[in-house]
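A quick write-up on the structure given underneath.
Naming convention: chains lettered A, B, ... in sequence-line order (proteins, then strands); numbering from 1 in each chain.
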Amino acid sequence: MRPFTYSRATSVADAAKSAASVQGARFIAGGTNLLDLMKLQIETPTHLIDVNHLGLDRIEKTADGGLKIGALVRNTDLAADRTVRSDYAVLSRALLAGASGQLRNKATTAGNLLQRTRCPYFYDTRMPCNKRRPGSGCGAMQGMSRSLAILGVSDACIAQHPSDMAVAMRLLDAQVDTMGADGTARSIPIADFHRLPGDTPHVETALQSGEIITSVTLPKSIGGTHVYRKVRDRASYAFALVSVAAVFDAKGGTRFAFGGIGAKPWRTEAADAAAKSGAKAVAQAALNGARTTHHNDFKQALVERTLASIYRQKEARA
Amino acid sequence: MSSDHVTRRGLLRGSAALAAAAPGLSHAQPASPVKEGSPMTPVELTVNGREVHLQLDPRTSLLDALREHLHLTGTKKGCDHGQCGACTVMVEGRRINSCLTLAVMHDGEKVTTIEGLGTAEKLHPMQKAFIVHDGYQCGYCTPGQICSAVAVLEEIEAGIPSHVTHDLDRVTMSDEELRERMSGNICRCAAYPNIIAAMNDVAAGGKA
Ligand SMILES: Cc1cc2nc3c(=O)[nH]c(=O)nc-3n(C[C@H](O)[C@H](O)[C@H](O)COP(=O)(O)OP(=O)(O)OC[C@H]3O[C@@H](n4cnc5c(N)ncnc54)[C@H](O)[C@@H]3O)c2cc1C
Ligand code: SF4
Ligand code: FES
Ligand code: FES
């Protein structure tokens, strides 16, 4: 690990201001992604701002019936929250499908959204990677790309977004609430939060320099039947090859979001619109524009089969 | 004032308890040597009920602070990347991977390691159950397994759901639940069935 200095932020505004003014500064929350990457010198911050003691660890109902989730709420606590279990079960399910009990006890809402790709070439500092070292090329495209994305990819990068939680957040139309270095607060719709790689795969989100996530807000619950189905190489403690989040709401509407296949948590209106026509039609709509490699082409069939299994599960419950 | 000395004694007693549970543990990996450049930072922890004051390079993981500075070598370093669970300890009553967190981030907090769960004279019920059920072979993963196992039973008791919980509001004890909740602790010797048996034993027998 490269040397760094460490400080505990005393207020949200302070944290944002010093993150923007101190060169090489980064926030640290659970540390489960950042420290992993720092040990490998993929991330090399010179100053860490600890945001764990700012009181951002609460879950509150909003005036319009939604839920405001503090940026520092641990994944374990969010999954176990009574309101989340009953009104946003797909979020509980997605969280519980991720990582391990120990990691979920540390991992936070903001850190989870911001976790970086699991592309093996991003992790191998001897290999070219446009995300890690802009302009160096992409090791994955001609390499082992089995786990990588098939939607939203570019000529520069085909990395997948690894988060389970973010897929449920995308499905539920969450808003990411932030404070900028100048003290201004804003809310970013989750659909606009993660960026597609394009020519700049190292730019991953809409966050500006110093901007700190304060909370993630969910709109009023849409009720219905919530499902999160994750397909992976092991039954537990593995990242998704494909995951599907679905809500069949009380009024007959259905929505889907997908993990493991997109450069960001994936959702399309066309897939939701095809819901009545079944798994094959939804898969076709969702996978429109897919760009696969020899290694990850199997994900297309896997998406359809995962959807089929969700439909069966839903019918069995009805 | 450094309390390294005081802590060390407590620790040696603790390691004896560990040795009883898992004979022949000695293949610890050395921590990376402290490099120049980071100013030392004071860190105060309560480890196994004992207050310790340390001066640490901010890069020091909680795991290295325990092993290299407090000589509490019961907690093991397997992968150092959050992937194996060998470094599992309890911080403020919750299990975490001590390799993926900085000691400075826990200034003022309470840490419980395998040495704090039981002693050679008075083993924790889970330590006893691991011995009775042969919940290990080489023993390297065992301290992490035991810390996790103790925490898992508490989590089920507290009604915290898992990936395999059918009804999120009704958490029950089952082998399926125990296996899922222990998936963050890898055992190269594949002692898994015996670990589940040990956990079931403790769960059934209460705190015997
Ligand atoms: C072995 C292993 C297996 C895993 N398996 C899964 C899995 O199956 N599914 C899954 O979804 N995830 C998985 N994860 C990833 C895990 O979910 C993430 O590491 C975790 O969610 C990151 O949260 P954190 O709080 O620890 O983030 P940190 O490591 O603290 O931070 C991550 C990033 O977010 C930034 N940041 C943190 N807080 C803020 C804030 N408030 N405002 C602005 N920026 C902020 C940091 O600067 C950093 O860049 C796994 C991780 C490991 C190590
Ligand atoms: S896919 Fe993206 S992250 Fe992976 S090597 Fe290519 S540029 Fe890097
Ligand atoms: S050493 Fe911490 S998880 Fe492997
Ligand atoms: S007992 Fe050998 S690794 Fe688990």
Side-chain angles (χ1 to χ4, degrees), chain A residues 1-8 28-40 45-48 50-53 74 76-77 79-82 84-86 88-107 123 164 226 228 230 232 234-238, chain B residues 32 34-39 41 56-62 79-85 87-102 104-108 144 147-148 151-152 155 158-165 167-169 171 176 179-186:
Chain A
M1 232 189 268
R2 297 273 177 81
F4 56 82
T5 48
Y6 167 90
S7 69
R8 280 189 182 185
I28 187 160
T32 61
N33 191 227
L34 186 58
L35 291 170
D36 190 11
L37 294 169
M38 284 169 66
K39 288 182 185 198
L40 300 165
T46 54
H47 181 62
L48 288 185
D50 187 338
V51 294
N52 280 288
H53 307 274
R74 309 289 156 178
T76 299
D77 299 323
D81 180 80
R82 286 286 166 194
V84 175
R85 283 196 233 182
S86 60
Y88 307 96
V90 67
L91 178 56
S92 281
R93 292 289 180 194
L95 283 159
L96 295 171
S100 67
Q102 291 97 311
L103 288 160
R104 291 192 299 271
N105 277 346
K106 270 253 119 190
Y123 266 82
D164 290 296
H226 290 219
Y228 188 76
K230 179 175 178 178
R232 43 186 160 173
R234 295 187 294 264
S236 184
Y237 203 21
Chain B
S32 48
V34 174
K35 294 172 202 127
E36 296 301 309
S38 301
T41 311
L56 297 175
D57 182 311
R59 287 175 291 182
T60 314
S61 67
L62 179 60
C79 64
D80 214 19
H81 285 279
Q83 297 169 0
C84 75
C87 65
T88 304
V89 299
M90 248 80 90
V91 174
E92 296 287 307
R94 308 179 83 169
R95 59 176 171 146
I96 64 164
N97 303 108
S98 60
C99 69
L100 275 194
T101 191
L102 299 170
V104 282
M105 293 169 71
H106 298 285
D107 186 31
C147 284
S148 240
V152 160
E155 288 162 16
I160 293 171
S162 86
H163 175 61
V164 300
T165 307
D167 174 349
L168 287 174
D169 285 322
V171 178
E176 194 190 12
R179 278 197 295 267
E180 160 61 25
R181 291 167 191 266
M182 290 297 287
S183 72
N185 292 82
I186 311 295

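- With a 4.5 Å cut-off on side-chain heavy atoms, B:Ile160 and A:Thr76 count as touching.
- For the atom pair A:Leu103 CG and B:Gln83 CD, the distance stands at 9.5 Å (nearest 0.5 Å).
- The two residues A:Tyr6 and B:Val104 come nearest to each other via the heavy atoms OH-O, 3.6 Å.
- The shortest side-chain heavy-atom distance between B:Pro161 and A:Leu96 falls under the 4.5 Å cut-off.
- Expressed to the nearest 0.5 Å, how far CZ of A:Arg85 lies from CG of B:Asp169 amounts to 5.5 Å.
- Residue A:Asp36 touches chain B through both its backbone and its side chain, counting heavy-atom pairs closer than 4.5 Å.
- With rounding to the nearest 0.5 Å, the separation of NE2 in B:His81 from CG in A:Leu40 is 4.5 Å.
- The closest donor-acceptor contact from the side chain of A:Arg8 to the backbone of B:Met105 lies under 3.5 Å.
- The structure places CD of B:Glu155 at 5.5 Å from CG of A:Asn105, a figure rounded to the nearest 0.5 Å.
- A:Ser236 touches chain B through backbone and side chain together, each having a heavy atom under 4.5 Å away.
- In terms of non-hydrogen atom pairs under 4.5 Å with chain B, the most contact-rich of A:Leu95, A:Thr5, A:Ile28 is A:Ile28.
- Taking B:Asp107 as the reference, nothing meets the salt bridge (charged side-chain N to carboxylate O under 4.0 Å, His left out) condition, with sequence neighbours excluded.
- Distance check, rounded to the nearest 0.5 Å: SG of B:Cys99 to CD of A:Gln102 gives 10.0 Å.
- If you measure heavy-atom distances from A:Ala79 to chain B, the contacts under 4.5 Å come from the backbone alone.
- Contact annotation for A:Asp50: only side-chain heavy atoms (C-beta onward) come within less than 4.5 Å of a heavy atom of chain B.
- Separating the CZ atom in A:Arg104 from the CZ atom in B:Arg95 is a distance of 7.5 Å, to the nearest 0.5 Å.
- Among residues two or more places apart in sequence or in another chain, the salt bridge (charged side-chain N to carboxylate O under 4.0 Å, His left out) test is passed with A:Arg74 by none.
- For B:Leu102, the parts sitting under 4.5 Å from any heavy atom of chain A are the backbone and the side chain alike.
- Heavy-atom distances place no part of A:Ala107 under 4.5 Å from chain B, backbone and side chain included.
- Of the listed residues (B:Ile186, B:Thr165, B:Leu100), the one with the most heavy-atom contacts under 4.5 Å to chain A is B:Leu100.
- For a residue to count as touching a neighbouring chain, one of its non-hydrogen atoms must lie under 4.5 Å from one of that chain's; by this rule B:Thr101 touches chain A with backbone and side chain alike.
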